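Worth saying up front: this structure is predicted, and the values here are computed from it rather than measured.
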Amino acid sequence: MIRVLLVHDACLVRSVLAEWLRREPDLGVYDTTWRGAPGRVRSLRPDVCAVDLDCADAHGVPPLADVCGRGAGSLTSPRLLVLAHTNRPGQLKRAAEAGALGYVDKEGSPERLVSGIRRVAEGERFVDDSLGFGFLKAAEMPLTRRELSVLSLAAGGASVAEIAGSLHLSHGTVRNYMSAITRKTGARNRIDAIRISQGEGWV
């Protein structure tokens with residue numbers, strides 16, 4: 001039995017998807033919100049965490065990085081599978097740096113998700129072909145994962161203090177990241193950097 005933890009903030013979507021996955025006899029499926037995910041990972045010790053990255057932006061990217069990313073090759077660490085869009089290369093880059101093994105296109109069929117879960121549970125990489133262009137765009141991005149996390153929170157309207165608290169950084173470090181982001185994007189200021197990055201699909 002493959003223990004799967006489905007992470008999604010929209011209750012209706014999460015519940016429907018979880019019920020659909022429970023039809024598979026080899027999957028034991030649990031579900032939770034992003035905020036509840038770290039605790040559920042510790043208590044359930046799932047084999048696979050299947051997460052929707054569109055729900056992660058309010059928390060930095062992703063809150064499961066420390067749980068699933070560090071020591072992802074260990075026997076006790078759940079493997080990470082993400083649901084993503086090809087037009088959001090920033091998400092793909094952050095997920096890759098967080099140690100994700102599986103990448104399922106949200107525009108694809110539910111069967112692809114099941115296939116991805118099974119492959120990732122075996123420790124194998126799974127990437128939908130349709131996400132290939134997104135990965136090419138991700139490789140060209142000038143921003144680091146931490147810069148993307150800072151920028152994503154800034155794009156959501158978070159202040160320097162709120163970003164610092166969310167990512168456990170000092171205010172000065174957040175300002176340094178924003179300066180680097182502005183320079184790397186060729187922007188005039190923080191607002192311009194957000195506009196440019198949103199246009200590129202980075203956040």
Side-chain angles (χ1 to χ4, degrees), residues 1-69 72-138 145 152 201 203:
M1 180 70 71
I2 301 171
R3 290 170 297 171
V4 181
L5 179 62
L6 178 65
V7 182
H8 198 295
D9 276 347
C11 181
L12 178 60
V13 175
R14 185 178 72 244
S15 299
V16 170
L17 188 54
E19 284 302 312
W20 191 89
L21 289 173
R22 290 185 182 113
R23 298 176 183 178
E24 302 297 322
D26 59 332
L27 303 183
V29 182
Y30 307 86
D31 61 276
T32 186
T33 62
W34 274 94
R35 288 197 182 278
R40 293 284 276 170
V41 167
R42 288 190 294 269
S43 63
L44 292 172
R45 301 176 68 86
D47 301 301
V48 176
C49 288
V51 304
D52 186 333
L53 291 186
D54 282 336
C55 300
D57 286 338
H59 309 290
V61 179
L64 287 183
D66 289 342
V67 180
C68 298
S74 72
L75 295 177
T76 58
S77 181
R79 296 182 171 99
L80 182 61
L81 177 144
V82 300
L83 306 176
H85 288 290
T86 193
N87 62 352
R88 299 293 299 277
Q91 289 183 342
L92 293 172
K93 180 170 183 173
R94 293 181 300 183
E97 293 185 2
L101 270 181
Y103 302 83
V104 176
D105 190 343
K106 292 179 68 173
E107 300 297 324
S109 69
E111 287 77 18
R112 295 294 290 168
L113 175 57
V114 174
S115 296
I117 289 171
R118 288 174 177 149
R119 287 273 294 279
V120 168
E122 294 295 324
E124 300 176 8
R125 187 169 296 280
F126 180 91
V127 182
D128 268 336
D129 292 341
S130 55
L131 295 176
F133 181 72
F135 276 104
L136 287 175
K137 294 288 287 183
R145 187 185 81 180
S152 178
V203 296

- Query: After noting the C-alpha distance and the side-chain angles of Val41 and Cys49, does the key distance pass the side-chain contact (heavy atoms from CB on, under 4.5 Å) rule?
  - Reply: CA-CA 8 Å; Val41 167; Cys49 288; 3.8 Å; yes
- Under the side-chain contact (heavy atoms from CB on, under 4.5 Å) criterion, do Thr33 and Arg14 qualify, and how do the steps go? CA-CA 9 Å; Thr33 62; Arg14 185 178 72 244; 3.6 Å; yes
- Report yes or no: does His8 contribute a side-chain atom to a donor-acceptor pair with the main-chain N or O of Ala10 at less than 3.5 Å? yes
- If you take all heavy atoms of Arg79 and Leu101, which pair is closest and at what distance? CD-CD1, 3.6 Å
- Item | Non-neighbouring partners of Arg118 that pass salt bridge (charged side-chain N to carboxylate O under 4.0 Å, His left out), sequence neighbours left out | Glu24, Asp26
- Task: Kindly indicate whether the side chain of Val51, heavy atoms from C-beta on, has any atom under 4.5 Å from the side chain of Leu80.
- Result: yes
- Query: In Å and rounded to the nearest 0.5 Å, what is the NZ to CD distance from Lys106 to Gln91?
  - Reply: 7.5 Å
- Query: If we only count heavy atoms from C-beta on, is the Phe135 to Pro89 side-chain gap below 4.5 Å?
  - Reply: no
- For the residue pair Pro110 and Trp20, establish whether any side-chain heavy-atom pair is separated by less than 4.5 Å. yes
- Message: Just verifying a value: how many Å separate Leu6 CG and Arg40 CZ, rounded to the nearest 0.5 Å?
- Response: 11.0 Å
- Query: Are the side chains of Leu21 and Val114 in touch, meaning some heavy atoms are under 4.5 Å apart?
  - Reply: yes
- Message: Tell me if a side-chain donor or acceptor on Asp128 pairs with a main-chain N or O of Ser130 at a distance below 3.5 Å.
- Response: no
- Query: Taking all atoms of both residues into account, what is the closest heavy-atom pair of Val82 and Ala95, and its distance?
  - Reply: CG1-CB, 4.0 Å
- Look at the side chain of Arg94 and the backbone N and O of Arg145, then say whether any donor-acceptor pair between them is shorter than 3.5 Å. no
- Message: Is any side-chain heavy atom of Pro46 closer than 4.5 Å to one of Val4?
- Response: no
- State, yes or no, whether a side-chain contact exists between Phe126 and Val104 at a heavy-atom distance under 4.5 Å. yes
- Side chains of Leu44 and Leu5: closer than 4.5 Å at any heavy-atom pair? yes
- With Phe133 via side chain to side chain contact (heavy atoms under 4.5 Å, CB included) - residues at least two apart: Thr86, Lys137
- Can you name the residues that form a side chain to side chain contact (heavy atoms under 4.5 Å, CB included) with Asp47, not counting sequence neighbours? Ile2, Arg3
- Message: I need the single residue from Asp52, Leu113, Asp31, Leu12 that forms a side-chain contact (heavy atoms from CB on, under 4.5 Å) with Leu17. Which is it?
- Response: Leu113
